[in-house]
Amino acid sequence: MRAFRDNMGRPFMTIAACRNQSWFVCASFLLWFLLLCVYHSQFMVGKNLIALLGNHNPDIAVNVAKYSGSVDSVSLPKEITESSSTKLRDEGHHINVVFNDRSGDFNLRTKDVFGIQEHGIENFGQHSISKKELEPHDHNDQARDLIENEAQSDKNLVEAVDPEKYIDQRIKSKSDSCLGKYIYVHDIPSKFYKDLLQKCGSLSNWTNMCDFASNSGLGPHLPNFERVYSNTGWFSTNQFLLEVIFHNRMKQYNCLTKDSSQASAIFVPYYAGLDVARYLWGSNMSMRDSGSLEIVKWLREKPEWNKMWGRDHFMVAGRITWDFRRWTDTDSEWGNKLMLLPESKNMTMLTIESSPWNSNDFAIPYPTYFHPSKDNEVFQWQNRMRRQRRRILFSFAGGPRPNLQSSIRNEIIDQCRAARRKCKLLECTSGPDKCHKPVFVMKMFQGSVFCLQPPGDSLTRRSIFDSILAGCIPVFFHPGSAYVQYLWHLPRDYKKYSVFIPAFDIKNGRVSIESILQRIPRQKVVEMREGVIKLIPKVIYADPSSRLETLEDAFDIVINGVLERVDTIRRDMREGKNTSFDYAEKVSWKYNLFGTVEEHEWDLFFERGKM
């Protein structure tokens, strides 16, 4: 037999010897593989969990809970729970085991020890118990057999947990971040929302709402010929389409559930504002009330209602609260009585303007023209507003209210004209004018340091949020225009972002708006403007077709507020507390803002006869 030698004359291994060793290696590997296969077939159900995890601590105990016919959890003994945890959970196809070694940061997430599954190979270090391997027994038998097998192999493996003491752990992984945030959306009849949009031509007596209803309620894209806007995210949005925008944003919400029993709150997608707008002029009260009465009847008959008698339900009514508060049953009275129905008083009602004297409605921002789809669009716009040159001291976009004796708009218009170049006026009339064209409004606000926001037909106005979007410091004349309204979105310390001049002083000619604004120190103005610009993400509604990554928009803040409110009510009900307020409802504005009902300097503003 031929042998090979090296330079020193020492023989290498012969070819025959190499062949013999190769056969030996192959046979050894085959034997090793067969042993592992046999071991694995025993290992899947019957092996000791300690062997599975490679932990030789004899004090480890495994608790297997039976709940709804499935094996749900594995827990460790008391001595090591602070440093180790084991979990066995049924996820539909496989029961996962997770173990954290107390010796360090090692984390083994198991599916299949050899990385083999029915449909391919996965990462090494994972083991799974396939449901097919457990059939044909039901899950209760499987759990019982598993416990018995473990008890036989190791006496330290202990008994199953009492199902009555079992805490539902179905909500994990994604569910962990959604715990306490799940929202169930009622599948209401289409006539309460979808059919209204299909009849968009009849939603207003003066405006064709069909164009405004496009793009998920955002309206048509705005052209940017004059470079007033940024390149993307700007739409001709109608202020009364918030219901549609909000509903479409809700469809993108991360924590929706189809199981109402899991929900922390229940959303009712009724387009209340669009419904009543068809009948506000020239229709009798029966027509105005019909939709409201039908929807609350439908809700009342659902099993979800009985859980908290509607106190976990919420709804968006995209008009001011006074359109839903008709106090008498006469045709001459304005609006319908949605907000006054017993069912509505239990729900959380969201409107663009709430009642300072009632507790069941909460104001959320009017929609603006800006609906970004990315965080960078917001950041870029904020930076642009910081750099914006503002040559106008103050401005006002609006028209007079000659029929309202308490209105101060005539006085404001007169003072603006008297200030000449220091004030710019965009006067709105009943006919076509620049007030209804976003490019003129936004251009004026962007060039102004302060923007006057007096009450109009009601206490609030969309212009408040347009001015914030433009980085213009709002000047208020009534605390009901913003301070007692948008409590979830605006800072309680109103001096950080706005100026307050009492309307009574304007009406009586005691003060000059120009003088007050000019006396504010320059550094204070810079700080206030920065406070306004930081509010921009909080008062805009992002494009429903996308999702912001790090910023919370107005929708996100509303959801947080609703969930917190419902959670408080639920906790009070569980503890047997009275969920109704323990103060006169007419001073709810004071309690909500200050947490007290003691006398305040603003009391005079909220005396009904002096509004």
Student check: side-chain heavy atoms of M442 and W234 closer than 4.5 Å: yes

Whether N346 side chain and G310 backbone form a donor-acceptor pair below 3.5 Å: no

Evaluation steps, side-chain contact (heavy atoms from CB on, under 4.5 Å), between H371 and N215: CA-CA 11 Å; H371 306 282; N215 292 317; over 6 Å; no

Steps toward ring pair (Phe, Tyr, Trp, His ring centres under 6.0 Å) verdict (W602, Y494): CA-CA 14 Å; W602 289 350; Y494 62 88; 5.5 Å; yes

Exam field: side chain R492 to backbone L593, donor-acceptor pair closer than 3.5 Å: yes

Heavy-atom pair with the smallest gap, counting every atom of L350 and W488: CD2-CZ3, 3.9 Å

Residues R325, S355; criterion side-chain contact (heavy atoms from CB on, under 4.5 Å); working and verdict: CA-CA 9 Å; R325 291 184 179 276; S355 167; 3.8 Å; yes

Any donor-acceptor pair under 3.5 Å from R401 side chain to G456 backbone: no

Side-chain heavy-atom pair P537, Q382 within 4.5 angstrom cut-off: yes

Within 6.0 Å of NZ in K496, more than 12 heavy atoms from elsewhere: no

Close side-chain approach of K307 to I266, heavy-atom, < 4.5 Å: no

Axial cation check for Y369 ring with R462, 6.0 Å and 45° limits: yes

Aromatic ring pairing W298/H186, orientation class (parallel under 30°, perpendicular over 60°, tilted between): perpendicular

Test of ring centre spacing under 6.0 Å for Y229 and F370: no

Sequence neighbours excluded - side chain to side chain donor-acceptor pair (under 3.5 Å) pairs with any residue from residues 190-214: S190-D195, K191-E294

Any donor-acceptor N/O pair, S588 side chain to N358 backbone, under 3.5 Å: yes

T460 backbone acceptor or donor facing E353 side chain under 3.5 Å: yes

Stepwise side-chain contact (heavy atoms from CB on, under 4.5 Å) test for M385 and L469: CA-CA 9 Å; M385 292 304 98; L469 182 58; over 6 Å; no

N-O pairing of K302 and E304 below 4.0 Å: no

Contact check, side chains of F555 and I245, non-hydrogen atoms, under 4.5 Å: no

Validation row: C451, P474 side chains within 4.5 angstrom (heavy atoms): no

Result block: side-chain N/O donor-acceptor pairs under 3.5 angstrom for residues 268-276, not counting sequence neighbours:
{"from": "Y270", "atom 1": "OH", "to": "D275", "atom 2": "OD2", "distance (Å)": "2.5"}
{"from": "Y271", "atom 1": "OH", "to": "H247", "atom 2": "ND1", "distance (Å)": "2.8"}
{"from": "D275", "atom 1": "OD1", "to": "R278", "atom 2": "NH2", "distance (Å)": "2.5"}

Greater than 12 external heavy atoms within 6.0 Å of E549's CD: no

Test log, rule side-chain contact (heavy atoms from CB on, under 4.5 Å), inputs M573 and R570: CA-CA 5 Å; M573 292 178 68; R570 182 181 289 110; 5.7 Å; no

Side chains of V562 and F267 in contact at under 4.5 Å (non-hydrogen atoms): no

Minimal non-hydrogen separation, S481 against I464, with atom names: O-CD1, 3.3 Å

Test ring pair (Phe, Tyr, Trp, His ring centres under 6.0 Å) applied to H478 and F504, step by step: CA-CA 9 Å; H478 194 296; F504 304 116; 7.8 Å; no

Heavy-atom donor-acceptor pair, N248 side chain to V244 backbone, under 3.5 Å: yes

Minimum heavy-atom distance A213-L197, with the two atoms named: CB-CD2, 4.2 Å

is_close_aromatic(F314, F362), centroid dist under 6.0 Å: no

Other residues, nucleotides, ligands: >12 heavy atoms within 6.0 Å of D493 CG: yes

Do any side-chain atoms of residues 280-289 form donor-acceptor pairs under 3.5 angstrom with protein atoms, and if so which ones, sequence neighbours left out?
{"from": "N284", "atom 1": "OD1", "to": "S286", "atom 2": "N", "distance (Å)": "3.2"}
{"from": "N284", "atom 1": "OD1", "to": "M287", "atom 2": "N", "distance (Å)": "2.9"}
{"from": "R288", "atom 1": "NE", "to": "S283", "atom 2": "O", "distance (Å)": "3.3"}
{"from": "R288", "atom 1": "NH1", "to": "E333", "atom 2": "O", "distance (Å)": "2.6"}
{"from": "R288", "atom 1": "NH1", "to": "G335", "atom 2": "O", "distance (Å)": "3.0"}
{"from": "R288", "atom 1": "NH2", "to": "S283", "atom 2": "O", "distance (Å)": "3.1"}
{"from": "R288", "atom 1": "NH2", "to": "D331", "atom 2": "O", "distance (Å)": "2.8"}
{"from": "D289", "atom 1": "OD1", "to": "R326", "atom 2": "NH1", "distance (Å)": "2.9"}
{"from": "D289", "atom 1": "OD1", "to": "K337", "atom 2": "N", "distance (Å)": "3.3"}
{"from": "D289", "atom 1": "OD2", "to": "R326", "atom 2": "NH1", "distance (Å)": "3.2"}
{"from": "D289", "atom 1": "OD2", "to": "R326", "atom 2": "NH2", "distance (Å)": "2.7"}

Sequence neighbours excluded, every pair satisfying side chain to side chain donor-acceptor pair (under 3.5 Å) that has a member inside residues 533-543: D543-S545

Heavy-atom side-chain contact between L242 and I364 under 4.5 Å: yes

Check: E564 main-chain N/O paired with T568 side-chain donor or acceptor under 3.5 Å: yes

Pairwise salt bridge (Lys or Arg N to Asp or Glu O under 4.0 Å) hits with a residue in residues 595-606, at least two apart: K590-D603

Under 3.5 Å: donor-acceptor pair, side chain of N238, backbone of F212: no

Sole candidate of R300, K297, H313 that passes side-chain hydrogen bond (donor to acceptor under 3.5 Å, both in side chains) when paired with E343: R300

All side-chain hydrogen bond (donor to acceptor under 3.5 Å, both in side chains) counterparts of Q239, not counting sequence neighbours: none

Min side-chain heavy-atom separation W305-M347 under 4.5 Å: yes

Q252 side-chain N/O to S546 backbone N/O, donor-acceptor pair under 3.5 Å: no

Worked check of ring pair (Phe, Tyr, Trp, His ring centres under 6.0 Å) between F465 and Y486: CA-CA 11 Å; F465 300 99; Y486 310 100; 4.9 Å; yes

Test item: S498 side-chain N/O and K495 main-chain N/O as donor-acceptor pair under 3.5 Å: no

